[in-house]
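Read the structure below first, then the notes.
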Number of protein chains: 2
Amino acid sequence: MTGMPRKALATEAEPSEMALESLVGYNLKRAYVILQNDYRAVMGEHGLSPRVFSALTFVVETPNLTQSDLARRLGIERSGLVAIVDELEGRGYLRRVAVPQDRRVQALSPTDAGVQAYEAALTLVHAHEDRMLQTLDAGERDQLLHLLKKIRETGE
Amino acid sequence: MTGMPRKALATEAEPSEMALESLVGYNLKRAYVILQNDYRAVMGEHGLSPRVFSALTFVVETPNLTQSDLARRLGIERSGLVAIVDELEGRGYLRRVAVPQDRRVQALSPTDAGVQAYEAALTLVHAHEDRMLQTLDAGERDQLLHLLKKIRETGE
DNA sequence: TATTGTTATACTCTATAACTATA
DNA sequence: TATAGTTATAGAGTATAACAATA
């Protein structure tokens, strides 16, 4: 005998009736999970994770970046950044460079391979976002970015 | 001697120039983290976590809900739901009720205390969202919900 | 054979605390 | 004293695989 059909017990409720559906936080999380899952699928098993890609972007775009700078910009602790920088260094995408003026510090310098990997990854990310946001027109996409930045400004 | 001043090494780059700033995924994650941190602060150290609150909402609003139903609706695995239901049962907010028609199943039935806890938590969550979204007018908030739901529809 | 609830296990992400070397 | 980078450790949150009971 086959198992019970889906939803045999639970009464079907219109999603729009659910209190959760009118909460921004709940919808934000669901959308975030969907985007992240597709991101990982697009980047592949050995691709850069979201946080490593973000870190590489800062390293490529910001000259003379230190780890403490980067941690602050990413909004994480210095300790958590070590593994991220280790991975990027292990892939040959950046070097830890000694800074004579302050020997506590090591500046993060992108390699040529790191710049190329960043550009290749960015192309994949753009394709991923275009596909995930295909039901939004250009105006809606700008509006979404604008509203998300407003939330960021409130909390940062 | 005090340490180096902030940003002594890294050149300041306008955030709007960064490639990350035009990515929906990056802004979605940053906004999600901000909302989640405030949520946890509002709910308190012993408050319901986001996933437990979401689960309680489904239990209160959906009669005769089973664990498999709930896992599917939350978008997580059945195995991951056990700890969530254990916590809600431990707090006295729901009961696992045997279902005579199918003895594999235990329906999740909210207690009076569970309904009260849900309503109290929902009030806190609404206050939290009103504060975090204070810079958005009613139209912007509706638009944000609309756009997030569009992303959910694309990926579910 | 398939499904429900469950346990065991592992992996990712992140935080806190403490250490060292420098300032 | 304070900061930069690091290590050790722990806690969420989630996934996969396997199991017993039941369909």
Side-chain angles (χ1 to χ4, degrees), chain A residues 1-10 29-30 32-33 36-37 39-41 43 45-55 64-72 74-87 89 94 96-108, chain B residues 1-10 29-30 32-33 36-37 39-41 43 45-55 64-72 74-89 94-108:
Chain A
M1 185 193 278
T2 60
M4 298 287 290
R6 284 165 48 144
K7 295 164 189 155
L9 280 171
K29 177 171 185 178
R30 297 299 293 248
Y32 163 65
V33 169
Q36 190 183 233
N37 286 343
Y39 172 98
R40 290 182 191 279
M43 301 295 274
E45 192 178 354
H46 302 293
L48 299 175
S49 67
R51 66 185 195 154
V52 174
F53 170 71
S54 295
N64 300 315
L65 188 69
T66 70
Q67 286 190 205
S68 291
D69 287 327
L70 181 51
R72 198 181 318 116
L74 290 173
I76 64 175
E77 292 296 314
R78 291 188 333 272
S79 60
L81 196 69
V82 175
I84 297 172
V85 174
D86 283 350
E87 176 176 339
E89 191 177 42
L94 64 76
R96 288 168 158 109
V97 179
V99 176
Q101 304 94 300
D102 186 342
R103 286 161 50 220
R104 293 172 303 185
V105 170
Q106 287 177 289
L108 302 175
Chain B
M1 184 194 277
T2 60
M4 298 286 289
R6 283 164 53 145
K7 293 161 190 158
L9 281 170
K29 177 172 185 178
R30 296 299 292 247
Y32 162 65
V33 169
Q36 191 183 232
N37 285 344
Y39 172 97
R40 290 181 190 279
M43 300 296 273
E45 191 179 355
H46 302 293
L48 300 175
S49 67
R51 66 184 197 157
V52 174
F53 171 71
S54 295
N64 300 316
L65 187 69
T66 71
Q67 287 190 204
S68 291
D69 287 327
L70 182 51
R72 198 180 317 118
L74 290 173
I76 64 176
E77 291 296 315
R78 290 189 333 273
S79 60
L81 195 69
V82 176
I84 297 172
V85 173
D86 283 350
E87 176 177 339
L88 287 170
E89 191 176 43
L94 64 75
R95 277 186 291 266
R96 288 169 158 107
V97 179
V99 175
Q101 305 93 300
D102 185 344
R103 285 162 51 218
R104 294 172 302 185
V105 170
Q106 288 176 290
L108 302 175

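Lettering of chains follows the sequences in order, A, B, ..., and the numbering in each one begins at 1. Below, all heavy atoms of this structure are taken into account, side chains as well, without hydrogens, waters or symmetry copies.
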Could you tell me the separation between the [atom1] atom of [X] and the [atom2] atom of [N], rounded to a whole number of Å?
{"X": "B:R104", "N": "C:dT4", "atom1": "CZ", "atom2": "C1'", "value": "6 Å"}
{"X": "A:L65", "N": "D:dA4", "atom1": "CG", "atom2": "C1'", "value": "13 Å"}
{"X": "B:E87", "N": "D:dG13", "atom1": "CD", "atom2": "C1'", "value": "13 Å"}
{"X": "B:Q101", "N": "C:dT4", "atom1": "CD", "atom2": "P", "value": "15 Å"}
{"X": "A:R72", "N": "D:dA4", "atom1": "CZ", "atom2": "P", "value": "7 Å"}
{"X": "B:L74", "N": "D:dA12", "atom1": "CG", "atom2": "C1'", "value": "16 Å"}
{"X": "B:R103", "N": "D:dT22", "atom1": "CZ", "atom2": "P", "value": "5 Å"}
{"X": "A:D69", "N": "D:dG5", "atom1": "CG", "atom2": "C1'", "value": "13 Å"}

- prompt: Residues in side chain to side chain donor-acceptor pair (under 3.5 Å) with A:Y39, at least two apart?
  reply: none

- request: Can you sort out the partners of A:R103 under side chain to side chain donor-acceptor pair (under 3.5 Å), two or more places apart, ordered by chain and number?
  value: none

field: Inter-axis angle, terminal five-pair segments of the helix from C:dT1-D:dA23 to C:dA23-D:dT1 [nearest 10°]
entry: 10°

Give, for atom [atom1] of [X] and atom [atom2] of [Y], the distance between the pair rounded to the nearest 0.5 Å.
{"X": "A:I84", "Y": "A:Q67", "atom1": "CD1", "atom2": "CD", "answer": "10.0 Å"}
{"X": "A:L74", "Y": "A:R72", "atom1": "CG", "atom2": "CZ", "answer": "11.0 Å"}
{"X": "B:S68", "Y": "B:E77", "atom1": "OG", "atom2": "CD", "answer": "10.5 Å"}

- request: Please report the closest heavy-atom contact between B:L81 and B:A71, naming both atoms and the distance.
  value: CD2-N, 3.7 Å

- prompt: Between B:R40 and B:S49, what is the shortest heavy-atom contact and its length?
  reply: NH1-CB, 4.0 Å

- request: Give the B/S/- string for nucleotides 6-16 of chain C, one per nucleotide from 5' to 3', where a protein heavy atom under 4.0 Å of the base yields B, of only the sugar-phosphate yields S, and otherwise -.
  value: BB-----SBSB

Partner residues of A:R30 under the side chain to side chain contact (heavy atoms under 4.5 Å, CB included) criterion, sequence neighbours left out: A:Y26, B:R152, B:E156

- request: List for me each residue that meets side chain to side chain contact (heavy atoms under 4.5 Å, CB included) alongside A:E89, sequence neighbours excluded, and say none if there are none.
  value: A:L94, A:R96

query: Where the side chain of A:T66 is concerned, which of C:dT3, D:dG5, C:dG5 is the nearest nucleotide?
result: D:dG5

